Undergrad: 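This structure is in structure tokens; I'll ask about it shortly.
None of the values given here were measured: they were computed from a predicted structure.
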Amino acid sequence: MSTKFQHLRQHFISHQVFEALQPLFFITFLYGLTPFRVTTNKGGEKSIKMSTFGFINIALYILLYGSCYVISLLREESVAGYFFRNKISDVGNTMQICNGLITGTVIYISAVTQRSKMLRVIATLHNLDKNFANIGIKVKYSRIYRFSIVMLTFKSLVIGVYFMGVYRLLMSMNITPSFTVCVTFFLQHSVLFLAICLFCFVARSFERRLVILNKVLKNLRHQWETRSIKTISHKQKSLQCLDSFSMYTIVSKNPCDVIQESMEIHQLICEAASTANKYFTYQLLTIISIAFLIIVFDAYYVLETLLGKTKRESKFKTIEFVTFFSCQMILYLIAIISIVEGSNRAIKKSEKTGSIVHALLNKAKSPDVKEKLQQFSMQLLHLKISFTAAGLFNIDRSLYFTISGALTTYLIILLQFTTNSSPALSSDCTLNSPGLPPIPINFTSN
């Protein structure tokens, strides 16, 4: 049993940065989201190369994606439209189809036009690990490798269960969705979530390396606090970095060298994060925009049904109707939370580096070490990790408050619009005047 477990465990262990990328890049390559593939040379070393088939695959997906969305838009046909139709739902469906078309186009075009930026990010991560080796840190990749597998498995299960549930619900009412609707519905969700997985993986990679950097600096502070800053022989002392990426390794450098290497590592992380933000910026803008739009209309449909604001003509029962739109709303809430939390965790780890450096500065005694730490402090002021959506807003936890406020505002407007669009004349044949209560009309003969 132990041998089988060890054999199974070997499949979840990664020793190279490119090997850790392999599961995610394989899926994104099949979906046409990246034109790269991970290759292995005769020596067993892995690398990333451009693929001609990757570009052809992207072109085919753009053609399929665009044609199905255009047909659905011309037919005014969508999965949400099968549940009920009114003026607001027609507007919502049209906007969702248009935004879905824009989102897919932006994601696929970015895969081609911004591919050099993604390659630059991966190359920087590879160089980062060499810098860690200079201060005795051997980075291991098993945790990030398993993270990518768990993330892909979880997202696939969520999307798969959602697809099967919607399909069974439609078939239970003898509704067979057209081919174009199936393609647009499937691609919109799966492509969107794969793009989110890629962003979360990259953000996680930055976060983990910042954790290693912070552990190195914390260990240095611990040595100073215990007054054990001495020239350390190769066999006497080891720098213990408890991060899951790291192993117990040996450091033979003085504090100035460690701080200098840490500065270079921090600079590389910030440069890679800036490059990644340029790659993802328009993708994140379109993903968050369509997610917000769908959440607004789904919440409106659910509230309108539960409050009984208007008469709903639909084949589906109220419970089925509310379940569908609630599940779709939760799905896109998960999308926004995944993006925000992935970004926020990397930002918080970056901010933590500053507090550690200033704690070291207060403990430093040597003028050379103090000078290095002051340089590091100045670098932290000018180099920061941040993710934005095309510069329009920052992607951090403050986005929750912004979305909540905007969601409440638009829901109130939509509900008021529904109320005001009711018939002016009631069945009692009353005369309404602006600002006055209804005046009954009595027809009497003389």
Undergrad: Would E207 and R345 satisfy salt bridge (Lys or Arg N to Asp or Glu O under 4.0 Å), going step by step from the backbone distance to the final call?
TA: CA-CA 7 Å; E207 177 203 342; R345 287 172 66 89; 2.9 Å; yes

Undergrad: Under the side chain to side chain contact (heavy atoms under 4.5 Å, CB included) rule, collect the residues that match up with A203, sequence neighbours excluded.
TA: none

Undergrad: In Å, rounded to the nearest 0.5 Å, how long is the span from NZ of K352 to CG of N214?
TA: 6.5 Å

Undergrad: Does the side chain of I159 come within less than 4.5 Å of F193's, by heavy atoms?
TA: yes

Undergrad: Heavy atoms only: give me the nearest A389-T281 pair and the separation to one decimal.
TA: C-OG1, 3.6 Å

Undergrad: What heavy-atom pair brings G354 and L380 nearest, and what distance separates the two atoms?
TA: CA-CD1, 3.5 Å

Undergrad: If the condition is side chain to side chain contact (heavy atoms under 4.5 Å, CB included), which residues does F147 pass it with, not counting sequence neighbours?
TA: I144, M151, R204

Undergrad: Can you tell me if F26 has over 12 outside heavy atoms packed within less than 6.0 Å of its CZ?
TA: no

Undergrad: Hey, do the aromatic rings of F36 and F29 have their centres closer than 6.0 Å?
TA: no

Undergrad: Taking it one step at a time, do L399 and F393 satisfy side chain to side chain contact (heavy atoms under 4.5 Å, CB included)?
TA: CA-CA 8 Å; L399 187 60; F393 52 85; 3.7 Å; yes

Undergrad: Taking atom types as modelled, is there a side-chain donor on Q379 or Q375 under 3.5 Å from an acceptor on the other?
TA: no

Undergrad: Side chains of Q374 and L361, heavy atoms from C-beta outward: is any pair under 4.5 Å?
TA: yes

Undergrad: Atom CG of L128 and atom CD of E271: how far apart are they, to the nearest 0.5 Å?
TA: 9.5 Å

Undergrad: Test of understanding: with salt bridge (Lys or Arg N to Asp or Glu O under 4.0 Å), list the residues that count as partners of E264, not counting sequence neighbours.
TA: none

Undergrad: Compare every heavy atom of S262 with every heavy atom of L217, then report the nearest pair and how far apart it is.
TA: CD2-OG, 3.9 Å

Undergrad: Hey, what do you get for CG (L119) to CZ (R115), rounding to the nearest 0.5 Å?
TA: 8.5 Å

Undergrad: Hey, does F376 have a side-chain heavy atom less than 4.5 Å from the side chain of T353?
TA: yes

Undergrad: Can you tell me how far apart OG1 (T184) and CZ (F179) are? Round to the nearest 0.5 Å.
TA: 10.0 Å

Undergrad: Could you tell me whether the side chain of S377 and the main chain of L373 form a donor-acceptor pair under 3.5 Å?
TA: no

Undergrad: In the structure I gave you, are the side-chain heavy atoms of Q283 and T103 within less than 4.5 Å of one another anywhere?
TA: no

Undergrad: If a pair satisfies ring-ring contact (aromatic ring centres under 6.0 Å, His included) and one of its residues is in residues 327-366, list it, with sequence neighbours excluded.
TA: H189-Y332

Undergrad: Kindly say whether S386 contributes a backbone atom to a donor-acceptor pair with the side chain of N394 at under 3.5 angstrom?
TA: no

Undergrad: Do I339 and I288 make a side-chain contact, defined as non-hydrogen atoms from C-beta onward lying under 4.5 Å apart?
TA: yes

Undergrad: Hey, what do you get for CD (E341) to CD1 (I395), rounding to the nearest 0.5 Å?
TA: 12.5 Å

Undergrad: Less than 6.0 angstrom separating the ring centers of F280 and F387, yes or no?
TA: no

Undergrad: Assess whether salt bridge (Lys or Arg N to Asp or Glu O under 4.0 Å) is satisfied between K384 and E351, documenting all intermediate values.
TA: CA-CA 8 Å; K384 296 181 180 180; E351 292 174 351; over 6 Å; no

Undergrad: Could you check whether atom OH of Y400 has more than 12 heavy atoms from other residues, nucleotides or ligands sitting under 6.0 Å from it?
TA: yes

Undergrad: Looking at residues at least two apart in the chain, or sitting in another chain, which of them share a side chain to side chain contact (heavy atoms under 4.5 Å, CB included) with S67?
TA: none

Undergrad: Start with the C-alpha distance between L414 and V296, add both sets of side-chain angles, then the distance that settles side chain to side chain contact (heavy atoms under 4.5 Å, CB included), and finish with yes or no.
TA: CA-CA 9 Å; L414 287 172; V296 168; 3.9 Å; yes

Undergrad: Side chains of S190 and K155: donor-acceptor distance under 3.5 Å anywhere?
TA: no

Undergrad: With a 4.5 Å limit on heavy-atom distance, are the side chains of M263 and H266 in contact?
TA: no

Undergrad: How close do F199 and S343 get, counting heavy atoms only, and between which atoms?
TA: CZ-CB, 4.0 Å

Undergrad: Quick check: do Y282 and T286 have side-chain heavy atoms less than 4.5 Å from each other?
TA: no

Undergrad: When you look at L24 and L198, which way does the side chain to side chain contact (heavy atoms under 4.5 Å, CB included) test go after all the steps?
TA: CA-CA 7 Å; L24 183 59; L198 184 58; 3.7 Å; yes

Undergrad: Test your reading of the model: is there a side-chain donor-acceptor pair from T402 to the backbone of S398, 3.5 Å cut-off?
TA: yes

Undergrad: When you look at V121 and Y279, which way does the side chain to side chain contact (heavy atoms under 4.5 Å, CB included) test go after all the steps?
TA: CA-CA 9 Å; V121 170; Y279 178 87; 6.0 Å; no

Undergrad: Is the F185-Y162 ring centre distance short of 6.0 angstrom?
TA: yes

Undergrad: How long is the straight-line distance from OG of S366 back to NZ of K372, given to the nearest 0.5 Å?
TA: 11.5 Å

Undergrad: What are the two closest heavy atoms between F292 and L407, and how far apart are they?
TA: CE1-N, 3.8 Å

Undergrad: For F325 and F297, I'd like to know if the aromatic rings sit close, meaning centre-to-centre distance below 6.0 Å.
TA: no

Undergrad: May I have the step-by-step check of salt bridge (Lys or Arg N to Asp or Glu O under 4.0 Å) for K348 and D396, ending in yes or no?
TA: CA-CA 10 Å; K348 291 301 180 184; D396 52 30; over 6 Å; no

Undergrad: Using a 4.5 Å cut-off on heavy atoms from C-beta on, say whether the side chain of L210 contacts that of I385.
TA: yes

Undergrad: Check side chain to side chain contact (heavy atoms under 4.5 Å, CB included) between I336 and all other residues, then give those that pass, not counting sequence neighbours.
TA: A291, I295, V340, I403

Undergrad: Donor-acceptor pair, S326 side chain versus V322 backbone, under 3.5 Å?
TA: yes

Undergrad: Can you see which heavy atom on I196 is nearest to which on A335, and at what distance?
TA: CD1-CB, 3.5 Å

Undergrad: Picking from I58, L63, N57, what satisfies side chain to side chain contact (heavy atoms under 4.5 Å, CB included) with Y61?
TA: N57

Undergrad: Atom CE of residue position M378 - does it have more than 12 heavy atoms of other residues, nucleotides or ligands inside 6.0 Å?
TA: no

